[in-house]
Amino acid sequence: MPSAARAAQEPVLRRATVGVLALVALVALTLLLLVWHEYGMNRVLRIDAQSKVAFHAIDDRSQGGSSVARLVRSERGVGVDCKIEMTYQWPFCELKMVLAKPPQGLDLSRFDTIRLKLHYSGQSKRVRVYLLNHDPRYSRADNPVSDKINELSYEPARYPQGLTVGLGNFSVAGWWREEMNIPLEHSQPDFRHITAIDIATGEITTPGAHRIEVESIEFHGKWLSAAQLRLAIIAMWLLASVVYLAAAFSRARLALRLARDREADLQALNQSLQLKGEELTHMAHRDPLTGALNRAGARDLLYDGSVEAQQQGRHMSLLFADLDHFKRINDSHGHAMGDAVLVRFVEVIRAATRGQDQLVRWGGEEFLLVLPDTTLDAAAALAGKLRDAMQSAQWPIAEGVTASFGVAELKLERIQDCISRADAALYRAKQGGRNRVELAD
């Protein structure tokens, strides 16, 4: 082969070798992540007698009964000795383990299973396990049983080595739903703000001596869920594809420029003009401070999205968010700090939403989040997630920042009417004390 031809082929061979090595590395990394997720990446939360939690013995005397529970510790763990008296309609004794003070609680929703190693002696056989979830939408400080009771009932004697079940086996106690008059949208199990774990005597309790001991309670899960892992792998492959296409595109442009200098110059000029036009269009449709869409940029998005959703029978929801006491922030810290708070707010919102969700700066400190393919329940859950994210986020000001949220789902109506309903819900959230979520009528 002539030396000139060989020299021309050498860059091509080098690029092919690099491409093959990159592909092999991606495949190996993908397999490594899948194996690691299957056999590792485990997270465990263990609660036992040595844990830094508060243990309390509870009985029905607070309800007018006469059963007596006493906290005990043994070699096996911590528990309660209980003497059940039938003077109360539903006599009970229980061991309460306080994990955190409301309203924070522990987020156990990232765990998949619970392992219970309990011991019971008495006539009833069964015990009830309660995971108490605090949520300001139904929990009240003046009512000790207003936290949602996620319940599991079983016989410890049947599982001497411990019982391992999925958190999906828990259900919300029916008597709690009826007593608290809970609406349907809040009647599902929730493990995002668990404040306490109660181990109580069974549903049918006999008089006499009962003893419940907790050796250990463990929550098991993965640091990354299967869905999150899949998303990470897809993102990795997409990024590699983009890099490869970008490199190929760059080489093609270079070859074209070397072959046709004059045509390349004209093409570069046209491309420069096109990019300038796109930049001007981008500037006209974006808020220069936060990068969110402005009202002009949101006009076509809202109209086209609503028409498509109604024609195809798909869901679409709107979420209004308004920073609480923003004027006070400007007055106390200056407008520059107020701008920094707005920029940080947009960062928090984007970190907690999907790529298809669009954020619009509606005016001042008020933002509109457009949520395609989203029901009212899902939008309300997202609003609660955003509210929690704001409370845990780092802010430029020491006192932190909260927001109020109004949520509405598009019905057979004009998009303007849906916007008005979401705005009215936001107004109710403001009037109701701020830092809360309200749903449209």
Side-chain angles (χ1 to χ4, degrees), residues 47-49 51-102 105 114 116-135 138-160 163 170-182 187 189 194-217:
I47 300 170
D48 54 27
S51 300
K52 294 182 178 180
V53 300
F55 296 95
H56 301 284
I58 309 294
D59 53 46
D60 58 30
R61 285 180 289 177
S62 61
Q63 306 297 321
S66 55
S67 300
V68 177
R70 180 174 59 89
L71 189 67
V72 295
R73 293 181 181 270
S74 67
E75 294 181 356
R76 291 198 295 194
V78 61
V80 290
D81 269 340
C82 175
K83 184 178 181 182
I84 293 290
E85 300 288 349
M86 304 303 292
T87 57
Y88 176 56
Q89 185 177 6
W90 296 287
F92 69 90
C93 293
E94 64 186 33
L95 172 67
K96 177 177 286 292
M97 292 163 277
V98 180
L99 307 181
K101 293 183 178 181
I114 181 173
L116 299 163
K117 200 162 186 183
L118 310 180
H119 304 280
Y120 170 80
S121 60
Q123 297 297 321
S124 298
K125 296 184 180 180
R126 304 183 71 85
V127 298
R128 290 171 291 178
V129 181
Y130 297 150
L131 301 181
L132 306 183
N133 188 78
H134 184 87
D135 191 317
Y138 47 74
S139 299
R140 299 196 304 272
D142 60 344
N143 188 344
V145 296
S146 60
D147 286 348
K148 179 178 289 185
I149 298 180
N150 303 288
E151 179 184 46
L152 175 70
S153 176
Y154 83 107
E155 297 182 20
R158 296 183 61 182
Y159 304 93
L163 169 67
F170 281 80
S171 60
V172 178
W175 64 265
W176 178 84
R177 291 199 307 265
E178 295 181 5
E179 182 174 325
M180 296 298 298
N181 193 23
I182 296 298
S187 62
I194 301 299
T195 58
I197 301 176
D198 289 359
I199 311 298
T201 49
E203 300 90 338
I204 302 176
T205 306
T206 59
H210 300 259
R211 186 184 182 97
I212 301 174
E213 290 180 285
V214 174
E215 185 170 340
S216 65
I217 298 176

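As a basis for the values below, the full set of heavy atoms in this structure was taken, side chains included, without hydrogen atoms, waters or symmetry mates.
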Any donor-acceptor N/O pair, D198 side chain to Y130 backbone, under 3.5 Å: no
Under a 4.5 Å cut-off applied to non-hydrogen side-chain atoms, are V98 and K96 in contact? yes
Within a strict 4.5 Å, meaning less than it, do heavy atoms of the L118 and I212 side chains meet? no
Would N133 and Y138 count as having a side-chain donor-acceptor pair, cut-off 3.5 Å? yes
Taking the side chain from N150 and the backbone from L131, do they hold a donor-acceptor pair closer than 3.5 Å? yes
Answer yes if the side chains of S67 and D60 hold a donor-acceptor pair under 3.5 Å, and no otherwise. yes
Rounded to the nearest 0.5 angstrom, the OG-CD1 distance for S66 and I84 is 9.0 Å
Just wondering, are more than 12 heavy atoms of other shown residues or ligands nearer than 6.0 Å to CH2 in W175? yes
Student check: side-chain heavy atoms of V172 and I182 closer than 4.5 Å: no
Side-chain heavy-atom pair R73, F55 within 4.5 angstrom cut-off: yes
Does any part of the side chain of P91, heavy atoms only, come nearer than 4.5 Å to the side chain of E85, both counted from C-beta? no
Nearest 0.5 Å, what's the CD1-NZ distance between I47 and K52? 14.5 Å
With a 4.5 Å heavy-atom cut-off, do F92 and I58 have their side chains touching? yes
Roughly how far, to the nearest 0.5 Å, is the CG atom of D48 from the CE atom of M97? 10.5 Å
Give a yes-or-no answer on whether the side chains of S153 and R126 include a donor-acceptor pair shorter than 3.5 Å. yes
Check whether S146 reaches the backbone of R140 with its side chain - one donor and one acceptor, N or O, closer than 3.5 Å. yes
Heavy-atom pair with the smallest gap, counting every atom of S171 and P189: CA-CG, 4.1 Å
Tested for side-chain hydrogen bond (donor to acceptor under 3.5 Å, both in side chains) against Y120, the lone hit among R211, K125, H210 is H210
pair E213-S74: side-chain heavy atoms closer than 4.5 Å: yes
To the nearest 0.5 Å, how far apart are NE2 in H119 and CD in E215? 4.0 Å
Rounded to the nearest 0.5 Å, what separates atom NE2 in H56 from atom CD in E94? 11.5 Å
More than 12 heavy atoms of other residues, nucleotides or ligands under 6.0 Å from CD of Q123: is that the case? no
Under 3.5 Å, is there a donor on one side chain and an acceptor on the other for S124 and T201? no
Just how far is it from atom CD1 of I199 to atom CG of L116, taken to the nearest 0.5 Å? 6.5 Å
